[in-house]
Amino acid sequence: MKKILITTPIYYVNDKPHWGHAYTTVAADVLARFFSLQGNDVFFLTGTDEHGLKVAESAERLNKTPKELCDENSEAYKFTWKNLGIEYNHFIRTTDKIHEERVIEFLKTLKDKGAVYEKEYEGMYCVECEKFLTEKDLIDGKCPDHKTEPKKVSERNYFFKLKNYLKEVEKKILSAELLIQPEAAKKEVLGLLKQELEDFSISRQKEKVRWGIDLPFGKSQTIYVWVDALLNYYTGNGTKEFAEYWEKGEVVHLLGKDILKFHAIFWPAMLLAASKKIPKREFIHGFFTIDGQKMSKTLGNVIDPNEVVGKFGVDGARYLLLSQFPFGQDGDVKKEKFAEKYNADLANGLGNLVARVLALANKHNIKSDKPDKETKKKAEEVRDTYRQWMENFKLFETLEEVWRFIGWCDKYIEENKPWQVTDEDKLEQILSNLLYCVSEISDLIAPLLPQTSKKVKNQLRTGKPEILFPRINK
Ligand code: MSP
């Protein structure tokens, strides 16, 4: 049994959660459930990133105080996660007092260790990214991601001596002490480490960025929002028990590729500078576009996860999130195809198989689920492959494996035609095999589609078939 801490990025509260945020969180939930079902002691942490200019400016536009906006939208995140069947152990808000205290403590440590210095600085700040951009980053003078002009900033700030720790970070990645996955993400990080990375500022002048944690040293400065945000992983719920996941366990971060540099370079460097343990594994997933385009309010193509749950149910939404394209790659989501996919794989595939097997077992009054040798062997093979995919965070492939097994069961029914079998022993064995397979499937889907798994188990116990996934017309 291992202690494992699984985290999602903490989400900005300038807006409500969308399909992209749901993607990371559902994936983390699936992995947390899987590792926990395997007998590990898992802590699943998620939450909201509440300080900084981006949130403050959004609040101002909406005529709200930053705190009001944070309260409102952190609730929207909690509500959405509940709707998607997410079972986290703790939801951290960076405005929590305990977190603010921990951040201050950590910054004092950095200062004491000599990892911080003061310097006059001039740069261009993209509020949407919450980071400084260099001339090289810009396209036509604009941020390539947000198509907005960064703000010129000239002020005296505190800096973190990033450069002093880069060699060590690189060593940890090369030796796999810090696993960056998939391989393409690792390559990207190693490439970044070959470039001249600059020390980064860890504070801003309070008169410019008021909505932040006060820097414990230095006058009238607030702590840079990314430093504050990354430290959420270290604060957790602030208990001794939580600290043990860092000290004795494996820390696993899930994140999108947009924030790779912060997680794979800045974060371990900060931890090394403070003589703390670094995470074990960072898994970077891709980004999706919606019908070929970036999700954006202006384009009006933002998918609200709650709407999808309303239409397709919790597990329908979870399935639609994970079955689009391999986790770790980029892909395009076709909203128009949701109903088709749901009907084919859930209503017809899984739902139909369970209903068919239960109806046959009922008709012939079969309760036994003892498999014959061949069926048992098949199920074991599926379980092995499934476990390997899961352990490598290949959620798309895991689903594929389960659905191949569903297809195998359908074929088994077609080939053995239980409705034509007159030999009673033979019929009993066929149906026992099928009941065994359905029970196996209910275990396999437990982390992925937890509600459905429970329903199937219940139906196997009572023998009463109930529709799992009603068909949906567009
Ligand atoms: N607050 C920072 C993270 C701080 S972590 C210490 C942040 N927040 S965010 O609200 O912008 O959410 C970022 C995360 O949401 C991405 O890293 C990614 O995991 C997820 N996604 C946002 N849009 C997405 C897509 N279009 N596709 C897939 N995932 C997406 O950055």
Side-chain angles (χ1 to χ4, degrees), residues 2-12 24-25 28 32 41-52 74 88-113 115-116 130 158 160-162 164-165 168-169 172-173 177-180 200 202-203 212-217 222-255 259-284:
K2 272 194 284 192
K3 270 186 161 344
I4 306 177
L5 168 64
I6 296 187
T7 71
T8 71
I10 47 170
Y11 303 103
Y12 286 127
T24 322
T25 313
D41 171 10
V42 179
F43 194 103
F44 172 16
L45 179 69
T46 189
T48 39
D49 188 354
E50 307 193 354
H51 290 125
S74 63
Y88 49 76
N89 293 86
H90 185 63
F91 188 102
I92 185 171
R93 297 182 55 184
T94 51
T95 49
D96 290 341
K97 197 159 182 323
I98 178 82
H99 175 70
E100 299 194 345
E101 285 168 9
R102 288 296 163 84
V103 173
I104 289 170
E105 217 176 278
F106 190 92
L107 276 143
K108 281 188 187 154
T109 309
L110 283 186
K111 181 93 184 341
D112 292 346
K113 299 260 180 190
V116 172
E130 287 282 20
Y158 282 85
F160 170 61
K161 292 182 180 167
L162 177 71
N164 283 10
Y165 306 94
E168 214 175 332
V169 172
K172 303 268 180 206
I173 296 175
E177 208 177 311
L178 167 58
L179 287 169
I180 306 288
F200 64 89
I202 53 166
S203 68
I213 304 173
D214 284 355
L215 191 72
F217 41 87
T222 51
I223 294 165
Y224 175 37
V225 60
W226 262 102
V227 170
D228 166 359
L230 286 164
L231 280 163
N232 93 85
Y233 301 133
Y234 200 70
T235 309
N237 64 4
T239 62
K240 263 207 206 104
E241 290 73 36
F242 178 83
E244 295 211 336
Y245 288 88
W246 267 96
E247 302 317 326
K248 300 187 185 150
E250 267 188 31
V251 176
V252 180
H253 297 316
L254 290 193
L255 50 132
I259 50 178
L260 177 60
K261 188 157 105 184
F262 285 105
H263 281 81
I265 300 179
F266 291 13
W267 177 225
M270 281 162 59
L271 288 165
L272 288 169
S275 309
K276 311 261 188 221
K277 225 178 122 186
I278 60 165
K280 174 75 207 152
R281 184 171 180 178
E282 297 189 2
F283 190 92
I284 292 80

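Bear in mind that the values here come from a model prediction, so they are computed numbers and not experimental data.
Side-chain contact between Ser203 and Val227: absent, with no pair of heavy atoms (C-beta onward) separated by less than 4.5 Å. In this structure, the side chains of Leu45 and Tyr245 stay at 4.5 Å or more apart for every pair of heavy atoms. For the pair Asp214 and Thr222, the minimum side-chain heavy-atom distance is below 4.5 Å. The side-chain heavy atoms of Ile284 and His263, taken from C-beta on, include no pair separated by under 4.5 Å.
Looking at every heavy atom in both residues, Tyr224 comes nearest to Glu130 through OH-O, 2.6 Å. The nearest pair of heavy atoms linking Leu254 to Pro9 is O-CD, 3.1 Å. Between Tyr233 and Trp246, the closest heavy-atom pair is O-NE1, 2.5 Å. What you find for Thr7 and His253 is that their closest heavy atoms are OG1-ND1, 2.8 Å. When every heavy atom of Ile278 is checked against every heavy atom of Pro268, the shortest pair comes out as CG2-O, 3.9 Å. Contact record, Ile98 with Gly238: CG1-CA, 3.9 Å, taken as the closest heavy-atom pair.
Between the CD1 atom in Ile4 and the NZ atom in Lys2 there is a gap of 5.0 Å [rounded to 0.5 Å]. Rounding to the nearest 0.5 Å gives a distance of 10.0 Å between CD of Glu100 and OG1 of Thr235. In this structure, CD1 in Ile265 is found 7.0 Å from CG in Leu260, a value given to the nearest 0.5 Å. Remark: Phe200 CZ to Phe266 CZ distance equals 5.0 Å, nearest 0.5 Å. If you take CH2 on Trp267 and OH on Tyr234, they are separated by 8.0 Å, rounding to the nearest 0.5 Å. One finds the CD1 atom of Ile180 at 4.5 Å from the CD1 atom of Ile173 (value rounded to the nearest 0.5 Å).
Of the candidates Thr48, Ile10, Leu231, Asp49, Ile92 forms a side-chain contact (heavy atoms from CB on, under 4.5 Å) with just one, namely Ile10. Of the residues Asn237, Ile104, Thr94, the one that meets the side-chain contact (heavy atoms from CB on, under 4.5 Å) test with His99 is Thr94.
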*Where do Tyr88 and Thr8 land on the side-chain contact (heavy atoms from CB on, under 4.5 Å) test, with the steps shown first?*
CA-CA 10 Å; Tyr88 49 76; Thr8 71; over 6 Å; no
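Shown here are the side chain to side chain contact (heavy atoms under 4.5 Å, CB included) partners of Asn89, two or more places apart in sequence or in another chain: Phe43, Phe44. Not counting sequence neighbours, the partners of Glu244 by the side chain to side chain donor-acceptor pair (under 3.5 Å) test are Lys248. Applying the side chain to side chain contact (heavy atoms under 4.5 Å, CB included) test to Glu105 and every residue at least two apart in sequence or in another chain returns Arg102. Residues passing the side chain to side chain donor-acceptor pair (under 3.5 Å) test with Lys3 are Asp41, sequence neighbours excluded. Asp96 is linked by a side chain to side chain donor-acceptor pair (under 3.5 Å) to nothing, counting only residues two or more places apart in sequence or in another chain.
Aromatic ring centres of Tyr165 and Phe160 lie closer together than 6.0 Å.
Pairs engaging residues 268-283 under the side-chain hydrogen bond (donor to acceptor under 3.5 Å, both in side chains) rule: Lys113-Ser275, Gln181-Arg281 [sequence neighbours left out].
Ring geometry for Tyr158 versus Phe217: interplanar angle over 60°, hence perpendicular rather than tilted (30 to 60°).
Side chain to side chain, Tyr11 and Thr25 meet the donor-acceptor criterion of an N or O pair below 3.5 Å.
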